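Data first, discussion second: the structure below is written as structure tokens.
A, B, ... follow the sequence lines: proteins, then strands. Residue 1 opens every chain. Quick caveat: nothing in here was measured; it's all calculated off a predicted structure.
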Amino acid sequence: MDGKIKFPISALNLNYTFNGGQAFRWKCLEDNSWIGVFAHRIWKLRQDEEYINFEAVKSSNTPEEDEAALLIDYFRLNEPLNELYDEWAKCDPIFSEAAKKFTGVRMLRQEPIENIFTFICSSNNNISRIKSMVEKMCTFYGSEIGVVDEVKYYDFPVVENLAKSSVLNDLQKAAFGYRAKFIQQAASKIVEFGGHDWINELKKLPYDEAKIELMKLPGIGAKVADCICLMSLDHLEAIPVDTHVFQIATKYYLPHLKNVKSVTNRVYNEIGDHFRTMYGKYAGWPHCVLFCGELKIFQDSPTEKRKKPEQLKPKKHKKTKVS
DNA sequence: GGCCGACCTGTGAG
DNA sequence: ACTCACAGGTCGG
């Protein structure tokens, strides 16, 4: 490994953080290390009790940087997570319960362009297809960073590449469906608005104004805009209200919304405001912890199935890997 | 301003 | 094998 950061595993859980619906490019390898891309590098991460061990591969034309600092920024390691958990637990017994299992969930600070186009793909879509679409964008339009374990890794494409007119046809052929048009058009608009300067403005604007700006892009409605605000623009009070969050809200906090026909703008804002009133400025973070509790991927693990008895049905042809 | 239906396509449960 | 609802929603009427 290239380096290590002294950081307890109790305050960063890579599994919950990477599989909690924030990012779509991280993969867990058989030796329990994680491999993924950000900051123009291929990262291999491996934790032990005390340290985050890391290895970073970059292309020859990528400038040197303090790579530990890049990790600290990406994982927001300077945020005292245990203290924050304590605060949120005081505000909310439901959080307190979820926090017992979901420790070390960190809001990543992702790259806005990647975040924007990933979440345009996410709408009305399933996780595995979202992942494959993101990888397609990277291999089609991203530059190769390097090879690790005989696998090529690509950077997320620059926005100018996604704005090209040929992208529409390419992505339609690659089965992107109606999102092909959203991607090409959104990229064009971002370039038109000023590219990275526009992105940087969004970070400086107040949350609600940044959200309005984002919603000028095709394929970005309230929910996706909130994902982007929360995950890559440092607006941690954003609460993306999707089907899962709606379920959580009606089950635990706002039962009167149980039989609304659809999540209208009014309902959407009521749910977000409820979380913000409860938790304050960082509301999106504890929301993310609660969200983990709703995800299928984190349920029914053999050691802790206590949710639904009917899921104890015998599984056919289930092969268990023995390591 | 709120509500409703259509929407590309792959995945996974039945 | 073969449906068919659904997937971290958005858009236009």
Side-chain angles (χ1 to χ4, degrees), chain A residues 16-26 102 105 107-108 110 114-137 167-186 189 211-232 238-251 257 259-272 275 284-285 287-300 308 310-319:
Chain A
Y16 295 151
T17 301
F18 289 149
N19 281 326
Q22 301 183 59
F24 294 90
R25 291 194 74 192
W26 287 93
F102 296 100
V105 178
M107 283 307 306
L108 300 171
Q110 299 191 67
E114 173 172 346
N115 198 211
I116 286 169
F117 291 97
T118 297
F119 277 85
I120 286 177
C121 292
S122 77
S123 71
N124 192 24
N125 206 351
N126 60 68
I127 306 271
S128 69
R129 186 174 170 219
I130 297 165
K131 285 181 178 173
S132 87
M133 290 165 83
V134 172
E135 284 313 308
K136 280 180 193 170
M137 283 195 282
V167 167
L168 176 58
N169 194 26
D170 290 353
L171 294 187
Q172 279 174 339
K173 274 192 277 185
F176 274 56
Y178 56 73
R179 298 176 195 83
K181 193 188 283 181
F182 289 160
I183 290 167
Q184 194 278 330
Q185 290 180 345
K189 279 210 166 179
K211 179 173 174 179
I212 290 168
E213 278 298 298
L214 285 168
M215 288 175 68
K216 292 177 181 171
L217 302 178
I220 299 188
K223 188 268 175 183
V224 169
D226 275 330
C227 285
I228 297 161
C229 283
L230 174 63
M231 299 173 189
S232 63
I239 306 286
V241 179
D242 63 8
T243 52
H244 295 293
V245 175
F246 180 70
Q247 293 304 318
I248 294 169
T250 56
K251 207 186 322 179
L257 295 178
N259 31 23
V260 299
K261 290 166 192 165
S262 60
V263 180
T264 61
N265 228 319
R266 190 189 63 76
V267 171
Y268 188 101
N269 291 327
E270 182 177 347
I271 293 171
F275 281 103
W285 198 324
H287 138 279
C288 187
V289 178
L290 294 176
F291 182 80
C292 284
E294 281 293 304
L295 287 181
K296 213 184 240 174
I297 189 172
F298 296 135
Q299 290 174 7
D300 310 314
K308 297 174 185 172
E310 72 264 31
Q311 303 225 344
L312 290 168
K313 279 184 284 189
K315 294 160 196 160
K316 293 173 193 171
H317 310 305
K318 173 103 187 194
K319 285 176 188 169

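With hydrogens and angles left out, the side chain of A/Arg129 and the base of B/dT9 share a donor-acceptor pair within 3.5 Å. One donor-acceptor pair, N or O on each side, does fall under 3.5 Å between the base of C/dG8 and the side chain of A/Lys223.
A distance-only check finds a donor-acceptor pair linking the side chain of A/Tyr268 to the backbone of A/Ala222 [under 3.5 Å]. With hydrogens and angles disregarded, a donor-acceptor distance shorter than 3.5 Å links the side chain of A/Ser132 to the backbone of A/Arg129. In this structure, the side chain of A/Gln22 engages the main chain of A/Leu108 through a donor-acceptor pair within 3.5 Å. At distances below 3.5 Å, at least one donor-acceptor pair connects side-chain atoms of A/Arg179 with backbone N or O atoms of A/Ser123.
The interatomic distance linking A/Ile183 (CD1) with B/dT9 (P) rounds to 13 Å, in whole Å. The separation between A/Lys189 atom NZ and C/dT10 atom C1' is 14 Å, rounded to whole Å. Between the P atom of C/dG8 and the CD atom of A/Gln22 lies a distance of 15 Å, rounded to the nearest Å. The nearest whole Å value for the distance from the CD1 atom in A/Ile248 to the P atom in C/dG8 is 13 Å. Whole-Å rounding puts the A/Gln185 CD to C/dC11 P distance at 10 Å. Taking atom CZ on A/Phe182 and atom C1' on B/dA6, their separation rounds to 12 Å, with Å as the unit. Rounded to an integer number of Å, the gap from A/Leu295 CG to C/dC6 P is 18 Å. Rounded to an integer number of Å, the gap from A/Gln110 CD to C/dG8 C1' is 14 Å.
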(request) Starting from the C-alpha separation in whole Å, work towards a yes-or-no answer on side chain to side chain contact (heavy atoms under 4.5 Å, CB included) for A/Glu270 and A/Arg266. (result) CA-CA 6 Å; A/Glu270 182 177 347; A/Arg266 190 189 63 76; 3.2 Å; yes

(request) Applying side chain to side chain contact (heavy atoms under 4.5 Å, CB included), run through A/Phe291 and A/Phe298 and close with a yes or a no. (result) CA-CA 10 Å; A/Phe291 182 80; A/Phe298 296 135; over 6 Å; no

(request) Please test A/Met137 against A/Ile183 for side chain to side chain contact (heavy atoms under 4.5 Å, CB included), starting from the C-alpha separation and ending with a verdict. (result) CA-CA 10 Å; A/Met137 283 195 282; A/Ile183 290 167; 4.0 Å; yes

(request) List the steps and the verdict of side chain to side chain contact (heavy atoms under 4.5 Å, CB included) for A/Phe102 and A/Leu295. (result) CA-CA 12 Å; A/Phe102 296 100; A/Leu295 287 181; over 6 Å; no

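Residue-to-nucleotide proximity on DNA chain B shows that, of A/Ser132 and A/Asn124, the 5′-proximal contact is made by A/Asn124. Taking for each of A/Pro218 and A/Cys227 the nucleotide of DNA chain C with the nearest heavy atom, the 5'-most of the two is the partner of A/Cys227.
Backbone-only contact: A/Val224 has heavy atoms under 4.0 Å from sugar-phosphate atoms and none from a base. Among the atoms of the strands shown, base atoms are found under 4.0 Å from some heavy atom of A/Pro240. Here A/Gln247 lies out of heavy-atom contact (under 4.0 Å) with every strand. Looking at heavy-atom distances under 4.0 Å, A/Gly21 makes contact with a base. Counting non-hydrogen atoms under 4.0 angstrom, A/Phe291 reaches a base of the nucleic acid. A/Ile220 comes within 4.0 angstrom of the backbone, heavy atoms only, and of no base. The residue A/Ala222 sits close only to the backbone: its heavy atoms come under 4.0 Å of sugar-phosphate atoms, none of a base.
Rounded to the nearest Å, the gap between the P atom of B/dA6 and that of C/dG8 is 22 Å. A gap of 26 Å separates the P atoms of B/dC8 and C/dC2, to the nearest Å.
Among C/dT10, B/dC8, C/dG8, the nucleotide with an atom closest to any side-chain atom of A/Tyr178 is B/dC8. Each of C/dC11, C/dG8, B/dG12 was ranked by its minimum atom distance to the side chain of A/His287; first place goes to C/dG8. Listed nucleotides C/dG9, B/dC3, C/dC11 differ in distance to A/Ser123; the shortest reach to its side chain belongs to C/dG9. When each of B/dC8, C/dG8, B/dC3 is scored by its nearest atom to the side-chain atoms of A/Arg179, the top-ranked nucleotide is B/dC8.
Contacts between residues 167-177 of chain A and DNA chain C, defined by a heavy-atom separation under 4.0 Å, are absent.
Under the Watson-Crick and G-U wobble criteria, each requiring two contacts below 3.5 Å, nucleotide C/dC6 is paired to B/dG10.
The shortest distance between the side-chain N/O atoms of A/Ser262 and the OP1/OP2 oxygens of B/dC3 is not below 4.0 Å.
Atom OH of A/Tyr178 is separated from atom CG of A/Asn124 by 4.0 Å, given to the nearest 0.5 angstrom.
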